[in-house]
Amino acid sequence: MRVLSGIQPSGKLHLGNYLGMMKQCVELQQKGECYIFIANYHALTTVSDAAVLRQNTMDVALDFLALGLDPEKTVFFRQSDVPEVQELTWLLSIVEPMSRLELAHSYKDKIAHGKEATHALFSYPVLMAADILLYQSDIVPVGKDQKQHLEITRDVAVKFNLKFGETFKLPEAYIPEAVAIVPGTDGQKMSKSYGNTIEISGTEKEIKKSIMGIVTDCAPLEAPKDPESNNVFKIYRLLATPEQTQEMADKFRAGGYGYGEAKKELLRVFNEVFGPFRQRRAELAANPAKVREILLNGAERARKEARKTLDAARAAVGID
Ligand code: ADP
Ligand code: TRP
(Lines give C-alpha, C1' and ligand atoms only; values in the text may rest on other atoms or scores of the structure.)
(Ligands and ions follow the chains in the order given, each with its own letter.)
Protein backbone atom coordinates (compact mmCIF):
# COMPACT_ATOMS: atom_id res chain seq x y z
CA MET A 1 0.00 0.00 0.00
CA ARG A 2 1.38 3.38 -0.95
CA VAL A 3 0.57 6.33 1.28
CA LEU A 4 1.14 9.89 0.09
CA SER A 5 0.51 13.30 1.54
CA GLY A 6 1.80 16.82 1.37
CA ILE A 7 1.62 19.94 3.46
CA GLN A 8 2.19 23.54 2.43
CA PRO A 9 5.00 25.50 4.08
CA SER A 10 2.73 28.46 4.49
CA GLY A 11 3.09 29.18 8.22
CA LYS A 12 3.64 27.62 11.61
CA LEU A 13 2.07 24.19 11.96
CA HIS A 14 -0.67 23.76 14.54
CA LEU A 15 -2.62 21.16 16.44
CA GLY A 16 -5.16 20.88 13.58
CA ASN A 17 -2.38 20.00 11.12
CA TYR A 18 -0.88 17.55 13.59
CA LEU A 19 -4.07 15.70 14.52
CA GLY A 20 -5.74 16.03 11.11
CA MET A 21 -2.83 14.91 8.98
CA MET A 22 0.71 14.65 10.37
CA LYS A 23 -0.06 12.10 13.08
CA GLN A 24 -1.67 9.77 10.52
CA CYS A 25 1.36 10.12 8.23
CA VAL A 26 3.72 9.12 11.04
CA GLU A 27 1.54 6.18 12.12
CA LEU A 28 1.04 4.90 8.57
CA GLN A 29 4.81 4.46 8.21
CA GLN A 30 4.32 1.12 9.99
CA LYS A 31 1.68 -0.03 7.51
CA GLY A 32 2.73 1.12 4.09
CA GLU A 33 5.30 2.72 1.86
CA CYS A 34 5.05 6.44 2.59
CA TYR A 35 5.75 9.46 0.42
CA ILE A 36 5.49 12.75 2.29
CA PHE A 37 6.42 16.06 0.73
CA ILE A 38 6.54 19.77 1.46
CA ALA A 39 4.23 21.45 -1.05
CA ASN A 40 6.28 24.56 -1.76
CA TYR A 41 4.90 25.10 -5.28
CA HIS A 42 1.43 25.23 -3.73
CA ALA A 43 2.59 27.58 -0.99
CA LEU A 44 3.64 30.10 -3.66
CA THR A 45 -0.07 30.86 -4.07
CA THR A 46 0.03 32.49 -0.62
CA VAL A 47 3.67 33.21 0.34
CA SER A 48 5.46 35.82 -1.71
CA ASP A 49 8.60 36.41 0.35
CA ALA A 50 11.47 34.10 -0.62
CA ALA A 51 13.14 34.20 2.80
CA VAL A 52 9.86 33.37 4.53
CA LEU A 53 9.24 30.45 2.18
CA ARG A 54 12.73 29.05 2.85
CA GLN A 55 12.26 29.38 6.61
CA ASN A 56 8.77 27.82 6.52
CA THR A 57 10.10 24.93 4.45
CA MET A 58 12.80 24.21 7.01
CA ASP A 59 10.22 24.51 9.82
CA VAL A 60 7.91 21.92 8.23
CA ALA A 61 10.86 19.56 7.72
CA LEU A 62 11.90 19.96 11.37
CA ASP A 63 8.34 19.46 12.61
CA PHE A 64 7.80 16.29 10.63
CA LEU A 65 11.16 14.76 11.51
CA ALA A 66 10.78 15.64 15.20
CA LEU A 67 7.29 14.09 15.20
CA GLY A 68 8.84 10.79 14.18
CA LEU A 69 8.89 10.75 10.39
CA ASP A 70 11.69 8.31 9.66
CA PRO A 71 13.57 9.20 6.45
CA GLU A 72 14.78 5.61 6.14
CA LYS A 73 11.21 4.33 5.91
CA THR A 74 9.52 7.35 4.34
CA VAL A 75 10.44 9.15 1.15
CA PHE A 76 10.46 12.73 2.47
CA PHE A 77 11.11 15.54 -0.02
CA ARG A 78 10.33 19.02 -1.30
CA GLN A 79 7.74 19.15 -4.08
CA SER A 80 9.93 21.45 -6.19
CA ASP A 81 12.80 18.95 -6.20
CA VAL A 82 10.69 16.68 -8.43
CA PRO A 83 9.94 18.96 -11.42
CA GLU A 84 8.24 16.02 -13.20
CA VAL A 85 5.13 17.04 -11.27
CA GLN A 86 4.81 20.18 -13.40
CA GLU A 87 4.78 18.28 -16.65
CA LEU A 88 2.17 15.89 -15.31
CA THR A 89 0.08 18.88 -14.23
CA TRP A 90 -0.07 19.97 -17.85
CA LEU A 91 -1.02 16.53 -19.09
CA LEU A 92 -3.82 16.35 -16.52
CA SER A 93 -5.08 19.83 -17.27
CA ILE A 94 -5.92 18.59 -20.75
CA VAL A 95 -8.78 16.50 -19.37
CA GLU A 96 -9.91 18.69 -16.46
CA PRO A 97 -12.95 20.87 -17.26
CA MET A 98 -12.89 24.52 -16.17
CA SER A 99 -16.40 24.07 -14.80
CA ARG A 100 -15.17 21.49 -12.27
CA LEU A 101 -12.41 23.78 -10.97
CA GLU A 102 -14.84 26.68 -10.73
CA LEU A 103 -16.76 24.66 -8.12
CA ALA A 104 -13.75 24.04 -5.85
CA HIS A 105 -14.58 25.23 -2.29
CA SER A 106 -11.06 26.15 -1.39
CA TYR A 107 -10.72 28.36 -4.48
CA LYS A 108 -14.10 30.01 -3.89
CA ASP A 109 -13.26 30.55 -0.20
CA LYS A 110 -9.96 32.22 -0.96
CA ILE A 111 -11.57 34.53 -3.49
CA ALA A 112 -14.36 35.31 -1.00
CA HIS A 113 -11.65 36.28 1.51
CA GLY A 114 -10.27 38.82 -0.92
CA LYS A 115 -7.46 36.89 -2.59
CA GLU A 116 -6.79 37.67 -6.23
CA ALA A 117 -8.16 35.02 -8.61
CA THR A 118 -4.81 34.03 -10.14
CA HIS A 119 -4.33 31.16 -12.54
CA ALA A 120 -2.19 29.32 -9.95
CA LEU A 121 -4.94 29.50 -7.36
CA PHE A 122 -7.44 28.26 -9.92
CA SER A 123 -5.34 25.33 -11.10
CA TYR A 124 -4.16 24.43 -7.57
CA PRO A 125 -6.25 21.19 -7.53
CA VAL A 126 -4.69 20.00 -10.80
CA LEU A 127 -1.18 20.34 -9.36
CA MET A 128 -2.43 18.49 -6.30
CA ALA A 129 -3.86 15.73 -8.49
CA ALA A 130 -0.47 15.46 -10.21
CA ASP A 131 1.25 15.18 -6.79
CA ILE A 132 -0.93 12.22 -5.93
CA LEU A 133 -1.16 10.42 -9.28
CA LEU A 134 2.55 10.76 -10.02
CA TYR A 135 3.32 8.23 -7.27
CA GLN A 136 0.41 5.86 -7.99
CA SER A 137 -0.78 6.48 -4.42
CA ASP A 138 -3.37 4.27 -2.74
CA ILE A 139 -4.29 6.39 0.26
CA VAL A 140 -3.92 10.04 1.10
CA PRO A 141 -4.19 11.12 4.77
CA VAL A 142 -5.59 14.66 4.95
CA GLY A 143 -8.06 16.75 6.94
CA LYS A 144 -11.68 17.03 5.82
CA ASP A 145 -11.12 20.35 4.04
CA GLN A 146 -9.08 18.46 1.43
CA LYS A 147 -11.80 15.93 0.64
CA GLN A 148 -12.99 17.75 -2.44
CA HIS A 149 -9.45 17.98 -3.79
CA LEU A 150 -9.26 14.20 -3.54
CA GLU A 151 -12.55 13.87 -5.43
CA ILE A 152 -11.16 16.11 -8.16
CA THR A 153 -8.02 13.95 -8.25
CA ARG A 154 -10.02 10.76 -8.74
CA ASP A 155 -12.14 12.47 -11.36
CA VAL A 156 -9.08 13.61 -13.32
CA ALA A 157 -7.58 10.12 -13.14
CA VAL A 158 -10.78 8.51 -14.42
CA LYS A 159 -11.06 10.99 -17.29
CA PHE A 160 -7.41 10.53 -18.31
CA ASN A 161 -7.63 6.73 -18.09
CA LEU A 162 -10.76 6.73 -20.24
CA LYS A 163 -9.35 9.03 -22.86
CA PHE A 164 -5.79 7.72 -23.11
CA GLY A 165 -5.86 4.24 -21.56
CA GLU A 166 -5.28 2.92 -18.04
CA THR A 167 -2.42 5.01 -16.62
CA PHE A 168 -3.25 6.04 -13.04
CA LYS A 169 -4.38 4.27 -9.90
CA LEU A 170 -7.41 5.77 -8.15
CA PRO A 171 -6.42 7.05 -4.69
CA GLU A 172 -8.63 7.16 -1.59
CA ALA A 173 -8.71 9.95 1.00
CA TYR A 174 -7.96 8.78 4.54
CA ILE A 175 -9.85 10.99 7.01
CA PRO A 176 -10.43 9.59 10.54
CA GLU A 177 -13.78 11.02 11.66
CA ALA A 178 -12.69 12.05 15.20
CA VAL A 179 -10.04 14.47 13.91
CA ALA A 180 -11.58 15.44 10.55
CA ILE A 181 -12.06 19.02 11.78
CA VAL A 182 -10.06 20.03 14.86
CA PRO A 183 -11.64 23.08 16.52
CA GLY A 184 -9.58 26.22 17.11
CA THR A 185 -9.43 28.38 20.25
CA ASP A 186 -12.56 30.22 19.07
CA GLY A 187 -14.53 27.06 18.22
CA GLN A 188 -14.30 27.47 14.41
CA LYS A 189 -12.06 25.07 12.44
CA MET A 190 -8.47 25.60 13.61
CA SER A 191 -6.66 27.34 10.78
CA LYS A 192 -3.74 29.72 10.45
CA SER A 193 -5.99 32.01 8.42
CA TYR A 194 -8.36 32.46 11.39
CA GLY A 195 -5.68 33.24 14.00
CA ASN A 196 -7.15 30.58 16.32
CA THR A 197 -4.33 28.06 16.39
CA ILE A 198 -2.25 26.33 19.02
CA GLU A 199 1.15 25.99 17.35
CA ILE A 200 2.91 22.69 17.99
CA SER A 201 6.39 24.20 17.97
CA GLY A 202 5.46 27.28 20.00
CA THR A 203 7.38 28.13 23.17
CA GLU A 204 5.78 27.15 26.48
CA LYS A 205 4.78 30.77 26.95
CA GLU A 206 3.09 30.97 23.52
CA ILE A 207 1.25 27.69 24.06
CA LYS A 208 0.05 28.86 27.45
CA LYS A 209 -1.23 32.10 25.94
CA SER A 210 -3.17 30.24 23.20
CA ILE A 211 -4.68 27.71 25.60
CA MET A 212 -5.63 30.28 28.24
CA GLY A 213 -7.24 32.30 25.42
CA ILE A 214 -9.68 29.52 24.42
CA VAL A 215 -13.12 31.08 24.17
CA THR A 216 -15.70 29.78 26.68
CA ASP A 217 -19.13 30.92 27.88
CA CYS A 218 -19.48 32.78 31.18
CA ALA A 219 -21.23 30.07 33.20
CA PRO A 220 -20.33 30.48 36.93
CA LEU A 221 -17.84 28.11 38.50
CA GLU A 222 -20.44 26.20 40.52
CA ALA A 223 -22.77 25.54 37.55
CA PRO A 224 -22.83 22.05 35.98
CA LYS A 225 -21.59 22.34 32.38
CA ASP A 226 -22.12 20.31 29.23
CA PRO A 227 -18.67 19.08 28.17
CA GLU A 228 -19.84 18.43 24.59
CA SER A 229 -20.48 22.11 24.00
CA ASN A 230 -17.26 23.60 25.34
CA ASN A 231 -14.09 24.25 23.38
CA VAL A 232 -11.63 23.33 26.12
CA PHE A 233 -13.11 19.85 26.42
CA LYS A 234 -13.40 19.38 22.64
CA ILE A 235 -9.67 20.00 22.26
CA TYR A 236 -8.72 18.13 25.44
CA ARG A 237 -10.34 14.88 24.36
CA LEU A 238 -8.25 14.82 21.20
CA LEU A 239 -5.03 14.70 23.25
CA ALA A 240 -5.99 13.01 26.53
CA THR A 241 -6.45 9.29 27.25
CA PRO A 242 -10.06 7.95 27.35
CA GLU A 243 -9.84 7.80 31.18
CA GLN A 244 -8.63 11.41 31.46
CA THR A 245 -11.38 12.46 29.04
CA GLN A 246 -14.05 10.71 31.09
CA GLU A 247 -12.74 12.30 34.28
CA MET A 248 -12.92 15.82 32.85
CA ALA A 249 -16.42 15.20 31.46
CA ASP A 250 -17.60 14.00 34.89
CA LYS A 251 -16.12 17.06 36.62
CA PHE A 252 -17.86 19.43 34.20
CA ARG A 253 -21.21 17.67 34.63
CA ALA A 254 -20.92 17.69 38.42
CA GLY A 255 -20.43 21.48 38.66
CA GLY A 256 -17.84 23.29 40.77
CA TYR A 257 -15.28 22.84 37.98
CA GLY A 258 -14.30 25.94 36.04
CA TYR A 259 -12.85 26.54 32.59
CA GLY A 260 -9.62 27.92 34.10
CA GLU A 261 -8.89 24.59 35.80
CA ALA A 262 -9.73 22.69 32.63
CA LYS A 263 -7.37 24.92 30.61
CA LYS A 264 -4.54 24.21 33.05
CA GLU A 265 -5.19 20.49 32.66
CA LEU A 266 -5.20 20.84 28.85
CA LEU A 267 -1.88 22.71 29.03
CA ARG A 268 -0.41 19.94 31.17
CA VAL A 269 -1.46 17.22 28.69
CA PHE A 270 -0.31 19.33 25.73
CA ASN A 271 3.15 19.70 27.28
CA GLU A 272 3.26 16.01 28.07
CA VAL A 273 2.48 15.10 24.46
CA PHE A 274 4.69 17.74 22.82
CA GLY A 275 7.55 18.03 25.36
CA PRO A 276 9.69 15.26 23.80
CA PHE A 277 8.87 16.64 20.33
CA ARG A 278 10.19 20.09 21.28
CA GLN A 279 13.39 18.53 22.56
CA ARG A 280 14.00 16.52 19.35
CA ARG A 281 13.11 19.53 17.21
CA ALA A 282 15.71 21.70 18.94
CA GLU A 283 18.37 19.04 18.37
CA LEU A 284 17.53 18.76 14.67
CA ALA A 285 17.40 22.54 14.25
CA ALA A 286 21.04 22.67 15.29
CA ASN A 287 21.94 20.69 12.17
CA PRO A 288 20.15 22.19 9.13
CA ALA A 289 22.66 20.66 6.70
CA LYS A 290 21.55 17.20 7.79
CA VAL A 291 17.89 18.14 7.22
CA ARG A 292 18.67 19.42 3.72
CA GLU A 293 20.53 16.20 2.96
CA ILE A 294 17.51 14.13 4.07
CA LEU A 295 15.24 16.11 1.73
CA LEU A 296 17.59 15.83 -1.25
CA ASN A 297 18.00 12.15 -0.70
CA GLY A 298 14.21 11.77 -0.54
CA ALA A 299 13.84 13.74 -3.77
CA GLU A 300 16.22 11.42 -5.55
CA ARG A 301 14.15 8.40 -4.51
CA ALA A 302 10.89 10.18 -5.36
CA ARG A 303 12.11 11.17 -8.82
CA LYS A 304 12.76 7.56 -9.80
CA GLU A 305 9.11 6.70 -9.13
CA ALA A 306 7.86 9.93 -10.66
CA ARG A 307 9.75 9.25 -13.87
CA LYS A 308 8.01 5.90 -14.37
CA THR A 309 4.52 7.41 -14.19
CA LEU A 310 5.42 10.45 -16.23
CA ASP A 311 6.91 8.26 -18.99
CA ALA A 312 3.72 6.18 -19.04
CA ALA A 313 1.55 9.29 -19.23
CA ARG A 314 3.70 10.78 -22.01
CA ALA A 315 3.47 7.54 -23.96
CA ALA A 316 -0.30 7.44 -23.45
CA VAL A 317 -0.77 10.87 -25.05
CA GLY A 318 1.85 10.33 -27.75
CA ILE A 319 4.75 12.57 -26.77
CA ASP A 320 7.21 9.83 -25.83
P1 ADP B 1 -4.56 25.85 7.48
O2 ADP B 1 -6.06 25.70 7.44
O3 ADP B 1 -4.06 26.24 8.83
O4 ADP B 1 -4.06 26.78 6.39
P5 ADP B 1 -3.63 23.76 5.76
O6 ADP B 1 -4.75 24.05 4.82
O7 ADP B 1 -2.24 24.12 5.35
O8 ADP B 1 -3.96 24.42 7.17
O9 ADP B 1 -3.71 22.21 6.10
C10 ADP B 1 -2.65 21.27 6.08
C11 ADP B 1 -3.20 19.89 6.42
O12 ADP B 1 -3.73 19.89 7.75
C13 ADP B 1 -4.36 19.46 5.51
O14 ADP B 1 -4.31 18.06 5.32
C15 ADP B 1 -5.56 19.86 6.29
O16 ADP B 1 -6.70 19.12 5.93
C17 ADP B 1 -5.12 19.56 7.73
N18 ADP B 1 -5.82 20.45 8.66
C19 ADP B 1 -5.66 21.79 8.76
N20 ADP B 1 -6.45 22.32 9.71
C21 ADP B 1 -7.14 21.26 10.22
C22 ADP B 1 -8.12 21.14 11.25
N23 ADP B 1 -8.53 22.19 11.93
N24 ADP B 1 -8.63 19.91 11.49
C25 ADP B 1 -8.21 18.82 10.81
N26 ADP B 1 -7.26 18.86 9.85
C27 ADP B 1 -6.73 20.06 9.54
N1 TRP C 1 -3.64 21.11 -0.56
C2 TRP C 1 -3.01 20.50 0.58
C3 TRP C 1 -3.26 21.41 1.81
O4 TRP C 1 -3.52 22.58 1.68
C5 TRP C 1 -1.53 20.31 0.40
C6 TRP C 1 -1.23 19.33 -0.68
C7 TRP C 1 -0.66 19.61 -1.90
C8 TRP C 1 -1.49 17.93 -0.67
N9 TRP C 1 -0.52 18.48 -2.64
C10 TRP C 1 -1.03 17.43 -1.92
C11 TRP C 1 -2.05 17.08 0.28
C12 TRP C 1 -1.14 16.08 -2.23
C13 TRP C 1 -2.17 15.72 -0.05
C14 TRP C 1 -1.71 15.23 -1.29
O15 TRP C 1 -3.14 20.95 2.89
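Both counts, for ligands and for their atoms, begin at 1 and track the order of listing.
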Next on the checklist: I'd like to know if M22 contacts ligand 1, where contact means a heavy-atom distance under 4.0 Å to any ligand atom.
Outcome noted: no
Checklist entry - Looking just at side-chain N and O atoms, do D131 and Q79 make a donor-acceptor pair shorter than 3.5 Å? => result yes
Item to check | ligand 1 versus P183: contacting region, heavy-atom distance under 4.0 Å | outcome: neither
Checklist entry - Of all the atoms in ligand 1, which lie at a distance below 4.0 Å from a heavy atom belonging to M190? => result 20 (N), 21 (C), 22 (C), 23 (N)
Item to check | Shortest protein contact, atom 14 (O) of ligand 1 (heavy atom only) | outcome: G143 N, 3.3 Å
Checklist entry - Any chance the side chains of Q246 and D250 put a donor and an acceptor closer than 3.5 Å? => result yes
Item to check | Pair E265, Y236: side-chain N/O donor-acceptor within cut-off below 3.5 Å | outcome: yes
Checklist entry - Going by an N to O cut-off under 4.0 Å, is there a salt bridge joining R278 and E204? => result yes
Checklist entry - Quick one: which of G20, G16, A173 has a heavy atom closest to atom 18 (N) of ligand 1? => result G16
Checklist outcome for this item: When distances are taken from atom 16 (O) of ligand 1, the protein heavy atom at minimum range is D145 OD1, 2.3 Å
Checklist entry - So, does S48 use its side chain to make a donor-acceptor pair with the main chain of L44 at under 3.5 Å? => result no
Item to check | Option from K308, R314, R307 for which salt bridge (charged side-chain N to carboxylate O under 4.0 Å, His left out) with E84 holds | outcome: R307
Item to check | Side-chain H-bond candidate by donor/acceptor type, T185 with N196, under 3.5 Å | outcome: no
Checklist entry - Has A180 got any heavy atom lying under 4.0 angstrom from an atom of ligand 1? => result yes
Checklist outcome for this item: Among T46, N17, V60, closest by heavy atom to atom 8 (O) of ligand 1 is N17
Checklist entry - P141 to ligand 1: N or O pair under 3.5 Å? => result no
Checklist entry - Considering only heavy atoms, does I7 approach ligand 1 within less than 4.0 Å through its side chain, its backbone, both, or neither? => result side chain
Next on the checklist: Under 6.0 Å from the ring centre and within 45 degrees of the ring axis: does the NZ or CZ of K225 meet both conditions for the six-membered ring of Y259?
Outcome noted: yes
Item to check | Student check: side-chain heavy atoms of F233 and T245 closer than 4.5 Å | outcome: yes
Checklist entry - Using the ring of each side chain (for Trp, its six-membered ring), is Y194 parallel, tilted or perpendicular to H113, with breaks at 30° and 60°? => result tilted
Checklist entry - At a non-hydrogen distance cut-off of under 4.0 Å, which region of V179 contacts ligand 1 (side chain, backbone, both, or neither)? => result backbone
Next on the checklist: Does ligand 1 come near enough to Q146 that some N or O of the ligand is less than 3.5 Å from an N or O of the residue?
Outcome noted: no
Checklist entry - Between the main-chain N or O of P9 and the side-chain N or O of N56, is there a donor-acceptor pair closer than 3.5 Å? => result yes
Item to check | Proximal candidate to atom 24 (N) of ligand 1 [heavy atom criterion; set L19, N196, V182] | outcome: V182
Checklist entry - Any idea which of Q8, K144, H14 brings a heavy atom closest to atom 3 (O) of ligand 1? => result H14
Next on the checklist: Counting only nitrogen or oxygen atoms and a 3.5 angstrom limit, does S10 reach ligand 1?
Outcome noted: no
Next on the checklist: Under a 3.5 Å cutoff, is there a donor and acceptor pairing between the side chains of K12 and T197?
Outcome noted: no
Item to check | Donor on one side chain, acceptor on other, T241 and Q244, under 3.5 Å | outcome: yes
Checklist entry - Name the residues in contact with ligand 2, where contact means a heavy atom under 4.0 Å away: which are they? => result L4, S5, G6, Q8, F37, A39, H42, Y124, M128, D131, I132, V140, V142, Q146
Next on the checklist: Once you measure the plane-to-plane angle for F274 and F277, does it fall in the parallel (<30°), tilted (30-60°) or perpendicular (>60°) bin?
Outcome noted: perpendicular
Checklist entry - Can you tell me which residue and heavy atom of the protein come closest to atom 4 (O) of ligand 1, and the distance to 0.1 Å? => result K192 NZ, 2.8 Å
Next on the checklist: Going by side-chain contact (heavy atoms from CB on, under 4.5 Å), Q146 matches just one of Q148, K144, H149. Which one?
Outcome noted: H149
Item to check | V142 neighbourhood, listing ligand 1 atoms whose heavy-atom distance to it stays under 4.0 Å | outcome: 14 (O)
Next on the checklist: I'd like to check which ligand 1 atoms, numbered from 1 as shown, lie under 4.0 Å from a non-hydrogen atom of K189.
Outcome noted: 2 (O), 20 (N), 21 (C), 22 (C), 23 (N)
Checklist outcome for this item: Going by the 4.0 angstrom heavy-atom rule, the piece of M21 near ligand 1 is side chain
Checklist entry - Looking at ligand 1, does any of its N/O atoms fall within less than 3.5 Å of an N/O of S191? => result yes
Checklist entry - Would S10 and K192 satisfy side chain to side chain donor-acceptor pair (under 3.5 Å), going step by step from the backbone distance to the final call? => result CA-CA 9 Å; S10 50; K192 59 185 159 289; 3.3 Å; yes
